[in-house]
Structure formats: C-alpha cells, structure tokens
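One structure below.
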Protein chains: 2
Amino acid sequence: MGIFSKTCEYAVRAVFFIAQRTADGSRVGIKEIAVNIDSPEHFLAKILQDLSRRGIIQSVKGPNGGFYLDAQSLARPLSDVIEAVDGGGIFRDCGLGLKECSSKNPCPLHHDFLDVRNRLQNMLESITIGQFNEDLNLGIVVLKK
Amino acid sequence: MGIFSKTCEYAVRAVFFIAQRTADGSRVGIKEIAVNIDSPEHFLAKILQDLSRRGIIQSVKGPNGGFYLDAQSLARPLSDVIEAVDGGGIFRDCGLGLKECSSKNPCPLHHDFLDVRNRLQNMLESITIGQFNEDLNLGIVVLKK
DNA sequence: ACAATAAAAGATATTTATATCTTTTATTGT
DNA sequence: ACAATAAAAGATATAAATATCTTTTATTGT
Ligand code: FES
Ligand code: FES
C-alpha cells in the first residue's frame, strides 16, 4: 500500500471524477464512476455513501440521480477527504509508531517526519477538489491506468 | 496505519535498538528487544529473521547469541530497511493508486507527490542505522512510549 | 397509483496484515 | 557427549482491509 489506504485512493479519484463530470450541474452514477476510475463498484459505493453522509459529496436517488458536488464541496480542500476516509493519522502520528508523537519524547526520526508530514498536509490543504476539472477535461491529468 | 506498515515500524525501531545495544560488540536477544521497543515478541522475531536472511542485520544462535550489527550494517541507509520490509512502493508508486506513476500519464497529484516522495526518500537514504546511538544513550530520542 | 431508476443499507465473503504458539536447528560451556 | 541457550522455522490464529451480493428506500416520470 502507498501513503493512503486503497479505500482512500479510490475516494480521491472518485471525488475528482465526480467534480469533473458534474461541473455542469448533472449527476453521475456509481457504475460510471467505478468504470472510469478503475475501482470495484460495490466497494466504491460504500465509500461514497460514507462521504455523502459526511456531507463531503452530494447524492440523489432515483432516475437522473447520482453523485455530484455543490459549490461548497468543490471548494473543499482535498485534506477533508483524506481525513474522512483514513483519519488524520497521516498528518499527526509518529512515523515509527510511537503512541505519542511529541517533540518532548521524540523518536529518532521525529524532526524529519514532522517536516515531511507538514509538507504533505500543507499540500493537501491547499488543493481543492474542483481545481483539476480543466486539466482532466484536457487530458493533462488522468484518473485511471 | 501511518506512512509505513506496522511491521516496518517495528523493524526500524528494532534496528535502532540493536544498533545502540550492540555498539560494544555484544548481542541482544529477541525478548529484550521486544520489551524495549514495545512490540509483540514472536511477530518481531519473524521480522528480524527476515532482515537477518537478507543480511541487513546479523544474528547468532545459542548461548550469548542474539542480534547485532556489524560495521557495514551500521552504515547502511535506513531506506534499506524500508525497502526490505515494505518494498520501495512508498518511494515510487502513484499516491492515488494508478498502476503506473509517470510524468507521461500523471494523476492530478503527481507533481506534488513526486516532491513529497523524493524528500522522504532522500531523508531515508541519508540517515544511517547507527547514527542515533548516541542520542539514544543520552535519552534525547526514544524508541517506545 | 405505478413502474423504473439509482443510491442506501445490510449481510457476507475474501484477502492481507498482524500476532501467537510449537518444534527444530545451531552454538556454547561443561 | 551433554545440557542449556537462543534464533530459525513451521504451523495456526486473529483482526483488519478489501470486495461482493442482496434487499431496501427515495425519487422520478408516466
Ligand atoms: S515521535 Fe516519531 S515522528 Fe514524532
Ligand atoms: S501518477 Fe500519481 S503520483 Fe505519479
């Protein structure tokens, strides 16, 4: 596994995809999302249900229903998705697994980890969910393969 | 889980502990290591067996036996331990889980991830297993609690 | 009202990571 | 040779992450 759990990777890819596909106010269904971000459909459904309950994404049932993002959601920092799915541990926990990460009783790598973690956090807090819509449209960046 | 697997966290903590405890040429047993880095003994044994097979740490059986590190091992970069336990994925894989991480078909976060990953890699490649012995002796850094 | 649609929810299955226990092998000192 | 020691190896066990399948609920258009 990488920096995030697989679950979280799916969540971020899905959220980016929904952002791009529903910029015009339409909705996109779970099947279409799953196919386009290359994720297991039913598993992704669970993930998106959870994000929907938390208000990070929006959804409507029934015909013409699906997932979408309102203006507020599009403006959210990506870190909100990470926190919702994986929790904030990646931003805060000791890189060597000590129960407490503190500059009082630091592990040998505390100083270095703090730096890497802060960079990661700053990066994810300054990226918004909607900011790649255009690049995705242009094919400059991709969400599968 | 954090940036590394739990397995890998145990491995790094253990390796640091062995380095400190055997700087005088002695050996340290699995039980003592486990207690001092707060890890499950038998599980850690498996991990250290693997590191021993790979030549990253040294061990001898029998009375006065245990784990230790030769001069070469003390000088190893910490990245070798990470690579041995978790594989190099953390240094190379796409942060969003795309099968290939490439600047040709990049994910939206490719640029940012590349930076974070490279920093992490540089950091772990420039840290040696033995370099915290003194800080550990002085209690400036710790491996448990 | 009704039928069709699509997400939500519930239940279950599979795989991987983590952990424990037992037996074997190598080494040492007597 | 022998008994004691400690890691290595083997066999299971448990927990968590990942994945699939089925049933229910909300919404829409007719
Ligand atoms: S104590 Fe380990 S990263 Fe802070
Ligand atoms: S393609 Fe995603 S990090 Fe490089």
Side-chain angles (χ1 to χ4, degrees), chain A residues 1-15 17-18 21-22 26-35 37-69 82 84-87 89-90 97, chain B residues 1-15 17-18 21-22 26-35 37-69 82 84-87 89-90 97:
Chain A
M1 161 226 345
I3 243 185
F4 306 131
S5 67
K6 227 155 206 307
T7 305
C8 193
E9 292 173 350
Y10 293 149
V12 172
R13 301 215 304 273
V15 158
F17 182 76
I18 298 169
R21 278 300 178 89
T22 66
S26 63
R27 287 68 178 271
V28 59
I30 183 67
K31 189 161 264 167
E32 192 175 354
I33 304 171
V35 166
I37 71 166
D38 196 27
S39 77
E41 177 186 333
H42 297 282
F43 185 48
L44 181 62
K46 291 289 175 209
I47 300 167
L48 295 187
Q49 278 165 30
D50 181 56
L51 290 180
S52 181
R53 257 182 260 113
R54 293 169 185 267
I56 291 176
I57 67 177
Q58 285 66 52
S59 68
V60 292
K61 295 181 177 181
N64 298 318
F67 296 92
Y68 67 101
L69 295 167
I82 311 299
V85 179
D86 276 356
I90 195 79
Chain B
M1 159 223 351
I3 245 187
F4 305 131
S5 67
K6 226 155 209 306
T7 306
C8 194
E9 292 173 351
Y10 294 148
V12 173
R13 302 215 305 272
V15 159
F17 182 77
I18 298 169
R21 276 303 176 88
T22 66
S26 63
R27 288 73 181 267
V28 59
I30 183 67
K31 190 161 262 165
E32 191 176 354
I33 302 171
V35 166
I37 71 166
D38 195 26
S39 77
E41 176 186 334
H42 296 283
F43 185 48
L44 181 63
K46 291 289 175 210
I47 300 167
L48 295 187
Q49 277 164 32
D50 181 54
L51 290 180
S52 181
R53 256 181 260 113
R54 293 168 184 269
I56 290 175
I57 66 176
Q58 285 68 51
S59 68
V60 292
K61 294 182 179 181
N64 298 318
F67 297 91
Y68 68 101
L69 295 167
I82 311 299
V85 178
D86 276 357
I90 195 78

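The structure displayed is predicted, hence computed values, not measured ones. For the numbers below, each heavy atom of this structure counts, side chains included, while hydrogens, waters and symmetry mates do not. Below, chains carry the letters A, B, ... as their sequence lines are ordered, and counting in each starts from 1.
Atom CG in B:D50 sits roughly 15 Å away from atom C1' in D:dG10 (whole-Å rounding). Rounded to whole angstrom, the span from the OH atom of A:Y68 across to the P atom of C:dA7 amounts to 13 Å. Between the C1' atom of D:dT5 and the CD atom of B:E32 lies a distance of 15 Å, rounded to the nearest Å. Rounded to whole Å, the distance from CD on B:Q58 to P on D:dA8 is 11 Å. One atom, CG of B:L51, and another, P of D:dA9, lie 13 Å apart when rounded to the nearest Å. Taking atom CD1 of residue B:I30 and atom C1' of nucleotide D:dA9, one finds them 14 Å apart after rounding to whole Å. Going from atom CG of B:D86 over to atom C1' of C:dT16 covers 13 Å, rounded to whole Å. Atom P of nucleotide C:dA8 and atom CG of A:L44 are separated by 11 Å, given to the nearest angstrom.
Phosphate contact (OP1/OP2 of D:dA8, side-chain N/O of B:S59, threshold under 4.0 Å): present. Considering only side-chain N and O atoms, B:R53 lies under 4.0 angstrom from the phosphate OP1 or OP2 of D:dA9.
Closest approach to the A:H42 side chain among C:dA7, D:dT22, D:dA19 is made by D:dT22 (side chain taken as heavy atoms from C-beta onward). Of the listed nucleotides (D:dG10, D:dA8, C:dA7), D:dA8 has the atom at the smallest distance from the side chain of B:S52. When distances are taken from the side chain of B:S5 to each of C:dT18, D:dA8, D:dA11, the shortest belongs to C:dT18. Nearest to the side-chain atoms of A:F43 among the listed nucleotides C:dA8, D:dA7, D:dT20 stands D:dT20. Distances from the side chain of A:Q49 to the nucleotides D:dA9, D:dA7, C:dA8 place C:dA8 closest.
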Self-check item: 5'-to-3' dot-bracket of DNA chain C (Watson-Crick, G-U; under 3.5 angstrom; crossing pairs as [ ]; | other strand)
Solution: ||||||||||||||||||||||||||||||

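Of the possible donor and acceptor atoms, one in the side chain of A:R13 sits under 3.5 Å from a partner among the backbone N and O of A:I37. A:R27 places no side-chain N or O within 3.5 Å of a backbone atom of A:G65 that could act as its donor or acceptor partner.
A:E9 contributes atom CD, which lies 11.5 Å from atom CG of A:D38 (distance to the nearest 0.5 angstrom). One finds the CG atom of A:L48 at 11.0 Å from the CZ atom of A:R53 (value rounded to the nearest 0.5 Å). Atom CZ of residue B:R21 and atom CG of residue B:L69 lie 13.5 Å apart, to the nearest 0.5 angstrom. Summarising the geometry, atom CD1 belonging to B:I18 is positioned 6.5 Å from atom CZ belonging to B:F67; distances are rounded to the nearest 0.5 Å.
Salt bridge status for A:R54 with A:D50: present, with a side-chain N to carboxylate O gap under 4.0 Å.
Between B:L44 and B:A14 the shortest heavy-atom distance is CD1-CB, 3.9 Å. Listed here is the closest heavy atom pair of A:A11 and A:V85: CB-CG2, 3.8 Å. Of all non-hydrogen atoms in A:E41 and A:A34, the two that sit nearest each other are CA-CB, 3.7 Å. Taking all atoms of both residues into account, the shortest heavy-atom contact from A:I90 to B:G2 is CD1-C, 4.1 Å.
Judged by distance alone, with hydrogens and angles left aside, A:K46 brings no side-chain donor or acceptor close enough to the base of D:dA19 to form a pair under 3.5 Å.
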Practice problem: Could you check B:Y68 against B:V60 for side-chain contact (heavy atoms from CB on, under 4.5 Å), going step by step and ending with a plain yes or no? | Solution: CA-CA 8 Å; B:Y68 68 101; B:V60 292; 4.1 Å; yes

I'd like a table of atom pairs between the protein and nucleotides 26-30 of chain C - only N or O on both sides, under 3.5 Å - with the distance next to each one.
unit_1, atom_1, unit_2, atom_2, d
C:dA26, O4', B:K61, NZ, 3.2

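Using a 4.0 Å heavy-atom criterion, one finds that A:K31 contacts no nucleic acid atom at all.
Of all the residues in residues 6-15 of chain A, A:K6, A:T7, A:Y10 reach under 4.0 Å from DNA chain D with at least one non-hydrogen atom.
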